[in-house]
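In what follows, a single structure is set out as structure tokens and then discussed.
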Amino acid sequence: MTRFVRWTALAAASALLAAGCSAGSSDDDKGGLSWGRCKATAEGPAPSSDWQCATLKVPLDWSEPDGETIGLGLIRAKARGEDRVGSLLFNFGGPGASGLSMMPSYAPAVSSLRERYDLVSWDPRGVGASEGVRCRGDKEIQAAESVDVSPDTPAEEKAYFEDAADFGQGCRKDAGKLMAHVSTADSARDMDRIREALGDARMNYFGISYGTELGGTYAHLFPKKVGRMTLDAVVDPGADTVGHAENQARGFQRALNGYLESTGQDPEEGTRKIADLLRRIDARPLAAGTPGRKLTQTLAVTGIILPLYSKDSWPTLTSALEAAEQGDGSELLALADRYNERDPSGRYGTTTHSQRVISCLDDRQRPTMAETKRLLPRFEKISPVFGAFLGWDTAGWCHDWPVPGQHDTPEVSAPGAAPVLVVGNTGDPATPYEGARRMADELGKGVGVMLTWRGEGHGAYGSGSDCVDSTVDAYLLDGAVPKDGKVCS
């Protein structure tokens with residue numbers, strides 16, 4: 001089971017670099033960080049010598065700051081220019097995305113920012129090098145691909161909820177007491193400790209996708225410590241579990257409509273055609289050219305989702321849908337595998353594991369199966385393709401979860417904070433545009449500054465708009481706050 005909100009820069013997912021901290025060190029920061037060469041891991045080679053890694057100790061439980069500690073893995077590349085502003089901390093979303101893996105591959109997109117900033121990222125608690133969680137093994141993950149996440153019969157419903165409960169128990173077994181201390185608020189407090197360790201008086205931050213919720217939470221907890229903060233591909237802070245799923249159904253359907261129009265199809269007719277294809281696949285999964293594997297309806301939807309994150313990938317979607325119509329599920333399966341971080345040898349990444357552990361600790365709502373069934377017609381009306389999957393997700397994602405959730409919606413009000421630049425993309429499928437406006441409003445008057453891009457894809461910065469890029473660069477590099485409501489078309 002996979003939730004569809006994930007980090008930006010998904011096009012780089014197949015070429016992620018992984019990093020750890022090797023023995024030895026170069027220099028020590030005021031906060032006690034000992035930076036050394038990053039090392040290779042089982043997931044990939046070490047990044048170039050431009051990159052350094054370190055481990056920062058933070059409290060396991062922030063209510064007991066002098067108690068047990070955990071280690072956070074950090075990575076940085078120093079600023080190239082002499083007129084250094086400080087450090088710029090990045091979070092790439094998920095929740096569950098590894099900053100140690102993403103930062104080197106994302107750095108070319110933010111090369112202008114490296115002139116005046118050290119580029120810094122980290123694996124949040126429960127992720128990768130920071131006490132990363134793995135809830136089940138590769139064979140179990142592949143076996144669970146047969147579970148229908150939009151069940152149609154009592155037997156499928158039973159299997160769906162049993163799988164959800166089993167996943168949660170696997171997380172508890174692996175994470176132990178950490179499972180109650182991986183919330184967004186915990187990570188926001190970690191961010192402030194990172195700021196101190198880096199020697200920065202204020203937090204300069206670039207949050208993407210879920211990283212915007214993390215940034216908003218930080219601004220609420222530490223408003224006087226906010227420096228230059230940019231939030232791109234913004235999660236709606238006012239949406240609860242059901243509202244968030246509805247937002248995504250609406251956002252992905254908009255993106256699908258845009259894709260269909262780009263191919264000359266009527267969106268309503270094209271959507272109906274894809275929904276019919278998915279129903280046929282549900283009844284009879286397609287051969288996919290890989291022994292022991294078939295393209296199920298769930299994998300097909302996942303394969304359709306991936307190319308909607310970026311307009312550049314739309315031709316790939318056309319090819320995969322055409323092949324599926326001819327009975328060949330291999331292309332959609334390959335797209336689903338990329339999304340699910342499955343490599344050719346059958347090894348899976350753990351982003352979804354961390355994502356679920358974090359989000360289920362954050363979210364207090366636990367819709368029942370009966371409540372979800374009542375909601376399904378509304379979801380299916382929003383999107384005949386994605387509605388049922390996202391509707392069922394509201395009940396299954398945190399079903400029978402071992403720890404209770406903390407809130408219905410995150411608190412992001414930040415009175416007294418410096419201006420925060422909120423960037424919304426009208427064609428964003430995973431974090432629809434309305435969420436950006438809500439974030440700007442909830443940050444508070446004089447704090448949230450809205451920048452709109454009339455574009456397509458998940459995220460705006462680095463997506464082809466000189467207007468967006470120059471506005472963000474001017475803010476982060478020179479402190480030039482744009483007029484609230486500026487639009488880049």
Side-chain angles (χ1 to χ4, degrees), residues 1-4 6 10 13-14 138-153 155-160 163 249 252-253 255-257 259-260 262-263 265 267-310 313-349 352 376 379-380 383-393 396 429:
M1 189 188 305
T2 301
R3 264 196 177 172
F4 293 139
R6 291 282 284 277
L10 273 165
S14 62
D138 293 328
K139 290 183 179 179
E140 295 173 294
I141 296 171
Q142 181 166 322
E145 289 179 347
S146 64
V147 175
D148 191 337
V149 303
S150 59
D152 307 298
T153 67
E156 289 181 347
E157 290 170 1
K158 183 174 183 288
Y160 174 66
D163 179 71
F252 280 112
Q253 185 60 48
L256 184 64
N257 291 345
Y259 156 74
L260 291 167
S262 77
T263 63
Q265 299 181 67
E268 186 173 345
E269 183 179 336
T271 294
R272 189 182 308 113
K273 182 179 178 181
I274 293 172
D276 288 343
L277 171 64
L278 292 172
R279 278 190 286 271
R280 295 197 303 273
I281 294 173
D282 190 29
R284 179 173 293 183
L286 298 183
T290 303
R293 300 187 76 205
K294 288 186 177 293
L295 180 73
T296 64
Q297 184 188 42
T298 299
L299 289 169
V301 172
T302 306
I304 292 168
I305 284 286
L306 179 68
L308 293 179
Y309 273 81
S310 171
S313 299
W314 287 1
T316 305
L317 178 57
T318 298
S319 177
L321 288 172
E322 289 176 349
E325 288 284 2
Q326 299 301 315
D328 176 5
S330 60
E331 293 185 40
L332 277 177
L333 181 61
L335 290 169
D337 284 349
R338 280 185 57 199
Y339 196 97
N340 292 330
E341 300 178 304
R342 185 187 193 275
D343 70 17
S345 69
R347 295 176 67 251
Y348 291 81
T352 302
L376 284 177
F379 274 93
E380 291 168 348
S383 175
V385 171
F386 309 114
F389 296 86
L390 289 161
W392 276 106
D393 181 78

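Since we're looking at a predicted model, the values are computed, not measured.
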Margin query: Under 4.0 Å between a side-chain nitrogen and a carboxylate oxygen: does that hold for Asp276 and Lys273?
Written below: no

I need the minimum non-hydrogen distance between [X] and [Y], along with the two atoms involved.
{"X": "Asp163", "Y": "Ala144", "result": "OD1-CB, 3.7 Å"}
{"X": "Ala255", "Y": "Pro429", "result": "CB-CB, 3.6 Å"}
{"X": "Ala249", "Y": "Ser383", "result": "O-CB, 3.8 Å"}
{"X": "Ala320", "Y": "Glu331", "result": "N-OE1, 3.3 Å"}
{"X": "Leu317", "Y": "Leu308", "result": "CD2-CD2, 4.0 Å"}
{"X": "Leu286", "Y": "Ala324", "result": "CD1-O, 3.6 Å"}

Are [X] and [Y] close enough that some pair of their side-chain heavy atoms sits under 4.5 Å apart?
{"X": "Gln142", "Y": "Arg293", "value": "yes"}
{"X": "Leu295", "Y": "Pro285", "value": "no"}
{"X": "Ser146", "Y": "Lys294", "value": "no"}
{"X": "Tyr348", "Y": "Glu341", "value": "no"}
{"X": "Leu256", "Y": "Thr271", "value": "yes"}
{"X": "Val385", "Y": "Leu278", "value": "yes"}
{"X": "Val301", "Y": "Phe389", "value": "yes"}

Next item on the list: Would you please say whether a donor-acceptor pair under 3.5 Å links the side chains of Glu145 and Thr296?
Entry: no

Next item on the list: May I ask you to check whether Ser150 and Asp148 show a side-chain donor-acceptor distance below 3.5 Å?
Entry: yes

Could you grab the distance from atom [atom1] of [X] to atom [atom2] of [Y], nearest 0.5 Å is fine?
{"X": "Ile274", "Y": "Arg279", "atom1": "CD1", "atom2": "CZ", "answer": "11.5 Å"}
{"X": "Asn340", "Y": "Thr298", "atom1": "CG", "atom2": "OG1", "answer": "10.0 Å"}
{"X": "Leu260", "Y": "Arg272", "atom1": "CG", "atom2": "CZ", "answer": "11.5 Å"}
{"X": "Asp393", "Y": "Tyr160", "atom1": "CG", "atom2": "OH", "answer": "5.5 Å"}
{"X": "Leu321", "Y": "Thr263", "atom1": "CG", "atom2": "OG1", "answer": "9.5 Å"}
{"X": "Leu299", "Y": "Ile281", "atom1": "CG", "atom2": "CD1", "answer": "10.0 Å"}

Check: So, Glu156 side chain and Asp152 main chain: donor-acceptor pair closer than 3.5 Å or not?
Finding: yes

Margin query: Please check this pair: side chain of Asp343 against backbone of Ser345, looking for a donor-acceptor N/O pair closer than 3.5 Å.
Written below: yes

Note to self: Would you call the rings of Trp314 and Tyr259 parallel, tilted or perpendicular, taking 30° and 60° as the class edges?
What the structure shows: perpendicular

Check: Just wondering, are more than 12 heavy atoms of other shown residues or ligands nearer than 6.0 Å to CD in Glu268?
Finding: no

Notebook entry, point to check: Using the benzene-type ring in the case of Trp, are the ring centres of Tyr309 and Phe252 under 6.0 Å apart?
Noted result: yes

